[in-house]
2 protein chains.
Amino acid sequence: MIETHYSCPCMEQCPLNRAMQLIGGKWKMQIICSLNNGGSIRYNHLKQRLDGISNTVLAKALKELEECGLVTRHEFMEVPARVEYRTTKACDDLIPILDSLSDWCEKYEMKE
Amino acid sequence: MIETHYSCPCMEQCPLNRAMQLIGGKWKMQIICSLNNGGSIRYNHLKQRLDGISNTVLAKALKELEECGLVTRHEFMEVPARVEYRTTKACDDLIPILDSLSDWCEKYEMKE
DNA sequence: CAGTATCCCGGCAGATACTG
DNA sequence: CAGTATCTGCCGGGATACTG
């Protein structure tokens with residue numbers, strides 16, 4: 001191996017790192033998972049599924065996921081308020097990749 | 001959709017969450033990337049590639065990656081000390097998945 | 001050279017109360 | 001119902017100095 005002044009492409013903002021920031025964090029994966037399994041879901045329904053999540057955290061996560069185009073927010077003009085969330089095409093395309101990641105983890109029986 | 005008391009499998013310690021914990025964190029991805037590109041690499045060489053990483057963080061990350069079977073540590077009994085790191089088979093199998101994750105991110109031009 | 005030992009800080013995550 | 005406002009604690013990440 002030649003001793004060039006090699007630098008990993010990940011040192012810049014590479015897509016891989018961006019991806020990790022999108023789906024990283026304590027709850028993102030569960031949120032994506034729940035939305036994927038359930039079609040359109042209302043805020044409180046989602047919160048019930050994600051046992052133990054707080055409003056601050058869930059609302060912030062949903063906002064981030066919406067901003068980066070992974071989920072859509074649909075607000076119905078009703079009283080009391082009604083808002084439904086669902087996955088986007090981008091998110092649906094992500095699922096198979098997450099599946100293979102999951103399979104990989106099981107195959108090698110990864111422990112933390 | 002039937003209103004069962006559905007619970008996302010991710011609520012337990014699912015493989016997907018485990019995977020994310022293994023490769024999550026600020027530097028894990030760059031470390032894996034650097035090791036993957038470089039065969040066996042010595043500690044300080046790796047540190048140079050990961051511009052800005054501190055000893056505490058690098059050492060801790062490497063220990064974790066070793067414990068979960070993603071990298072191997074080979075210590076040569078020399079003075080001064082010499083230690084080389086490289087990826088395991090498990091890690092090599094992970095790379096294509098990370099590639100597809102990267103591609104996915106580029107395809108949808110994900111911003112943070 | 002390849003790490004530990006210490007100390008430190010900012011930001012994620014959470015609890016709780018409140019509101020359109 | 002679907003969130004915000006506010007406060008708090010903890011820990012991942014970091015700087016620096018030291019050692020087998």
Side-chain angles (χ1 to χ4, degrees), chain A residues 3 10-11 13 17-18 20-32 34-35 38-68 71-86 112, chain B residues 3 10-11 13 17-35 38-68 71-86 112:
Chain A
E3 277 294 328
C10 280
M11 291 311 298
Q13 262 303 18
N17 269 332
R18 264 183 287 143
M20 289 303 293
Q21 277 158 31
L22 301 183
I23 62 178
K26 190 172 177 184
W27 291 98
K28 291 274 178 69
M29 204 60 94
Q30 284 97 317
I31 295 175
I32 290 171
S34 292
L35 289 177
S40 276
I41 310 182
R42 298 181 65 161
Y43 181 89
N44 270 342
H45 188 188
L46 185 54
K47 196 185 168 192
Q48 285 163 29
R49 289 193 179 182
L50 304 166
D51 194 43
I53 199 170
S54 70
N55 276 326
T56 27
V57 174
L58 178 55
K60 184 165 175 285
L62 283 171
K63 197 169 287 182
E64 285 168 12
L65 289 172
E66 194 198 355
E67 277 169 4
C68 73
V71 311
T72 52
R73 197 187 101 109
H74 188 206
E75 185 172 359
F76 297 83
M77 288 309 164
E78 304 177 358
V79 178
R82 176 177 158 214
V83 179
E84 290 188 359
Y85 292 90
R86 62 159 44 249
E112 309 168 47
Chain B
E3 277 293 328
C10 279
M11 291 311 296
Q13 263 303 17
N17 269 333
R18 265 183 286 142
M20 290 304 292
Q21 277 158 30
L22 301 182
I23 62 178
K26 190 170 178 186
W27 291 99
K28 291 274 178 69
M29 205 60 96
Q30 283 96 320
I31 294 174
I32 290 171
C33 227
S34 292
L35 288 176
S40 276
I41 310 181
R42 300 182 64 161
Y43 181 89
N44 270 340
H45 188 188
L46 185 55
K47 196 183 168 194
Q48 285 164 29
R49 288 193 181 182
L50 303 165
D51 195 41
I53 198 171
S54 70
N55 277 327
T56 27
V57 175
L58 178 54
K60 184 165 175 286
L62 283 172
K63 196 169 287 181
E64 285 169 11
L65 290 172
E66 195 199 354
E67 277 169 5
C68 74
V71 311
T72 52
R73 197 187 101 109
H74 188 204
E75 185 171 359
F76 296 83
M77 287 310 164
E78 304 176 358
V79 177
R82 178 177 157 214
V83 179
E84 289 189 0
Y85 292 90
R86 64 159 42 249
E112 314 167 46

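Because the structure is a prediction, the values reported are computed rather than measured.
Separating the CD atom in Q21(A) from the NZ atom in K26(B) is a distance of 10.0 Å, to the nearest 0.5 Å.
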Checklist entry - Does the side-chain contact (heavy atoms from CB on, under 4.5 Å) test come out yes or no for E64(A) and K28(A), once each step is laid out? => result CA-CA 9 Å; E64(A) 285 168 12; K28(A) 291 274 178 69; 2.8 Å; yes
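In terms of the salt bridge (charged side-chain N to carboxylate O under 4.0 Å, His left out) criterion, K47(B) has no residue partners (sequence neighbours excluded). Applying the salt bridge (charged side-chain N to carboxylate O under 4.0 Å, His left out) rule to E84(B) yields the partners R82(B); only residues at least two apart in sequence or on another chain are considered. Shown here are the salt bridge (charged side-chain N to carboxylate O under 4.0 Å, His left out) partners of K63(B), two or more places apart in sequence or in another chain: there are none. T72(B) pairs by the side chain to side chain contact (heavy atoms under 4.5 Å, CB included) definition with R86(B), T88(B), not counting sequence neighbours.
Close approach of DNA chain D to chain A, defined as any atom under 4.0 Å from a non-hydrogen atom of the protein, starts and stops at dC1(D) to dT6(D).
Along DNA chain D, the nucleotide nearest N55(B) and the nucleotide nearest K60(B) are compared for position; the residue whose nucleotide lies closer to the 5' end is K60(B). Comparing R82(B) and S54(A), the nucleotide of DNA chain C nearest to each residue sits closer to the 5' end for R82(B).
At a cut-off of 3.5 angstrom, counting only N and O atoms as typed in the model, there is a donor on one side and an acceptor on the other between the side-chain of T56(A) and the base of dA15(C).
L58(A) has its CG atom 15 Å from the C1' atom of dC12(C), to the nearest Å. One interatomic measurement links the two molecules: CD of Q21(A) to P of dG11(C), which rounds to 14 Å at whole-angstrom precision. As rounded to whole Å, 12 Å separates atom C1' of dA13(C) from atom CD1 of I31(A).
Counting only Watson-Crick and G-U wobble pairs whose two key distances fall under 3.5 Å, DNA chain C forms stems of three or more stacked pairs at C:1-20 with D:1-20.
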